[in-house]
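Working notes, beginning with the structure itself.
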Protein chains: 2
Amino acid sequence: MTATRRPTLADVAREVGVSAKTVSRVLNEDGPSSPETRRRVLEAVAKLGFQPNLMARSMRVGGPDTTVGLVVPDLGNPFFGAVAGGIEDAVHGHGLTLLMGSSDDDPEREHALIRTFLARRVSVLMVAPAVGADHAHLKSHRAAGMPVVFLDRPGNGLTTDTVVSSNRAGTQEGVAHLIAGGHRRIGFIGDLPARLYTRRERQAGYRAALAGAGLPHDRGLVADAHDPAGAAEATARLLALPDPPTALLSGNNVMTIGVMTELSRSGRKDVAVVAFDDVPMAGILEPALTVVAQNPVTMGESAGAAALERLGGDRGRARTILVDTRLVPRGSGELPPPARTR
Amino acid sequence: MTATRRPTLADVAREVGVSAKTVSRVLNEDGPSSPETRRRVLEAVAKLGFQPNLMARSMRVGGPDTTVGLVVPDLGNPFFGAVAGGIEDAVHGHGLTLLMGSSDDDPEREHALIRTFLARRVSVLMVAPAVGADHAHLKSHRAAGMPVVFLDRPGNGLTTDTVVSSNRAGTQEGVAHLIAGGHRRIGFIGDLPARLYTRRERQAGYRAALAGAGLPHDRGLVADAHDPAGAAEATARLLALPDPPTALLSGNNVMTIGVMTELSRSGRKDVAVVAFDDVPMAGILEPALTVVAQNPVTMGESAGAAALERLGGDRGRARTILVDTRLVPRGSGELPPPARTR
DNA sequence: ATGAAAGCGCTAACAA
DNA sequence: TTGTTAGCGCTTTCAT
């Protein structure tokens, strides 16, 4: 971690025997400079390995930063990649650059990352909150004019623009789809921790659909996991029940991998499935996977648009933007329950 | 884009009626301060939404920043998400934070992003170069001690640590696998632009495998695309040839989606496929998809480790780290070619 | 417990 | 064509 002191403008100037400003001029092609001076300056720059300190520069020049800081729980989840893409689409034309970091769903890391962004004077802060994180400390920043937008999940302790999927209604629609197909026992495979906003909302949608159809809510049909392997186990467990579900609702894209892997492994093509959040190649599984598709790019674009309006001076009250999900029937959700004696 | 000037230490000091240093002391818990002063300062900080300017701070304090800047061509591609995850794993324990931005595979945006990172004095710069980008301008930074690492693709005009997959050998192995299965006409679906490093390397591996088996290289069996839809079209085109391929090598994860979608759509379960780069749920397609798996997490970890060594003072010559790929036979690559009269 | 002055590295503004 | 002064926002050093 050792670092020899980096040479400064003044060092170069001394080496050449000119003033710092002259060196600055040569380097930035600012005012005029004699070819001779220019040559000697460049020579000294190379010799000393001088490297301008952009921080000092931008401190002097001032001007607002042009960065949007985005904190996500997981860089590896394509959902957040897509959201980030949407944000970029929205803000890039306005001269803003998106910088993204991961909290790993850890409140402390999220806080550290936010501090990093704030200290670097991002002009917008976007956060997909980690479970259990608190955001009251952002109040003053927001009050001072820095747009703060929550994505995918609401924040805690701060009222500000928030962009979320229609988790509850979407899941409800997916489960209703299964019920309409004749299913009466429908399993729910959710992610952990169970208090995660999206998990809660989706499970609420699941219950609402059951209630809407007058079906009982059997807690034994609700299973948890935090990775594909766990989801696979949970799936196997539900299907091994004495009175097993004939259909499953997979709570997110990660769970879906495990659910589908287990169904494939056990050769159970008779179990109907609806998955929340679309996945690549869902259409070519056999049967093709019916999903409640989210629209992550639109979510990012909405967040970007909201931030731009705030930057434009809009001080109206915080909005919650609900981005619609869409039921995409492809086959797995249309499997009828096996005939059974009543 | 209006932004009210952000309050400074001096603003807070004025508000409270103390000196800037006192505010600084309270905020940094430096010297002592009376409870009363402390309270009033914090109040003013909250009221004004003061946010310390870390740029100014670190300018005064000196010392390198604790950020790793990563530039990738596409935030939406899970491959880069996984690489980023690997980098984080490697550097987080050393107090470094990863910040990531997208160049959208545009050299100008890449350059702008790099400048953004440099201006923030990142302590490490990692780049998955955009096609056509030049990196000679980073020479002085590297010389000044800032580690620069290229990922997935080599840079141009700068010799530095580089982490890439064994694209050529991996593809060669994949194609050899098909040849060993009896295939003689093997199509290659590559991404665009064709001069992209990974594309060139993989195609070279394809040719090497053909040459190694004494098979002719029929340029008519090589097709290009830049998205799944294009890959689907390319697949259909190849299969409609008078003397069509009996097997396909898909050049990357994005192409694979299109290739598999087209095979599914046309019901062609008789075409053998090997895909470069693993994809989620490859194992549950029918037939299951044989892949040449990359190891993006390891790539990220290697890059992180290399950077840490450089930060530790290693000034040895630039290394190129080749991360092995692995052939994962799952079924689609083991389909025999249809019997044919000779 | 608090403040004043100097300075981190750079560049605008104004000389010369 | 080049130099001088001042100051960006903060922290260090030394007073008070």
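Naming convention: chains lettered A, B, ... in sequence-line order (proteins, then strands); numbering from 1 in each chain. Only this structure's heavy atoms are used, side chains among them; waters, hydrogens and symmetry mates stay out.
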Nucleotide dT1(D), atom P - distance to CD of Glu29(A) in whole Å: 14 Å
4.5 Å side-chain heavy-atom contact, Leu308(B) and Leu96(B): yes
Qualifying residues under salt bridge (charged side-chain N to carboxylate O under 4.0 Å, His left out), relative to Glu88(B), sequence neighbours excluded: Arg109(A)
Member of Asp106(B), Leu113(B), Ile114(B) meeting the side-chain contact (heavy atoms from CB on, under 4.5 Å) criterion with Glu110(B): Ile114(B)
Arg25(A) and Ser33(A): side chain donor to acceptor below 3.5 Å: no
Heavy-atom side-chain contact between Leu138(A) and Leu118(A) under 4.5 Å: yes
Lys/Arg N to Asp/Glu carboxylate O, Lys47(A) vs Asp11(A), below 4.0 Å: no
Flag side-chain contact, heavy atom, 4.5 Å: Asn53(A) against Thr8(A): no
Cationic N near anionic O, under 4.0 Å, Asp161(A) to Arg317(A): no
Carboxylate-amine/guanidinium contact Arg39(B) Glu36(B), below 4.0 Å: yes
Estimated bend of the helix from dA1(C)-dT16(D) to dA16(C)-dT1(D) (axis per five terminal pairs, rounded to 10 degrees): 40°
Salt bridge (charged side-chain N to carboxylate O under 4.0 Å, His left out) against Glu108(A), all qualifying residues, sequence neighbours excluded: none
Arg115(A) CZ: over 12 foreign heavy atoms closer than 6.0 Å: no
Give each protein N/O atom lying under 3.5 Å from an N/O atom of nucleotides 10-14 of chain D, with the pair distance.
unit_1	atom_1	unit_2	atom_2	d
dC10(D)	OP1	Asn53(B)	N	3.1
dC10(D)	OP2	Leu9(B)	N	2.3
dT11(D)	OP1	Asn28(B)	ND2	3.1
dT11(D)	OP1	Arg57(B)	NE	2.9
dT11(D)	OP2	Ser24(B)	OG	2.8
dT11(D)	O2	Arg60(B)	NH1	2.9

Strand contacts (DNA chain C) in residues 31-39 of chain B, 4.0 angstrom heavy-atom criterion: Pro32(B), Ser33(B), Ser34(B), Thr37(B)
Salt-bridge contact Glu309(B)-Arg315(B) (side-chain N to carboxylate O under 4.0 Å): no
Along DNA chain C, first and last positions that approach a heavy atom of chain A under 4.0 Å: dG9(C) to dA12(C)
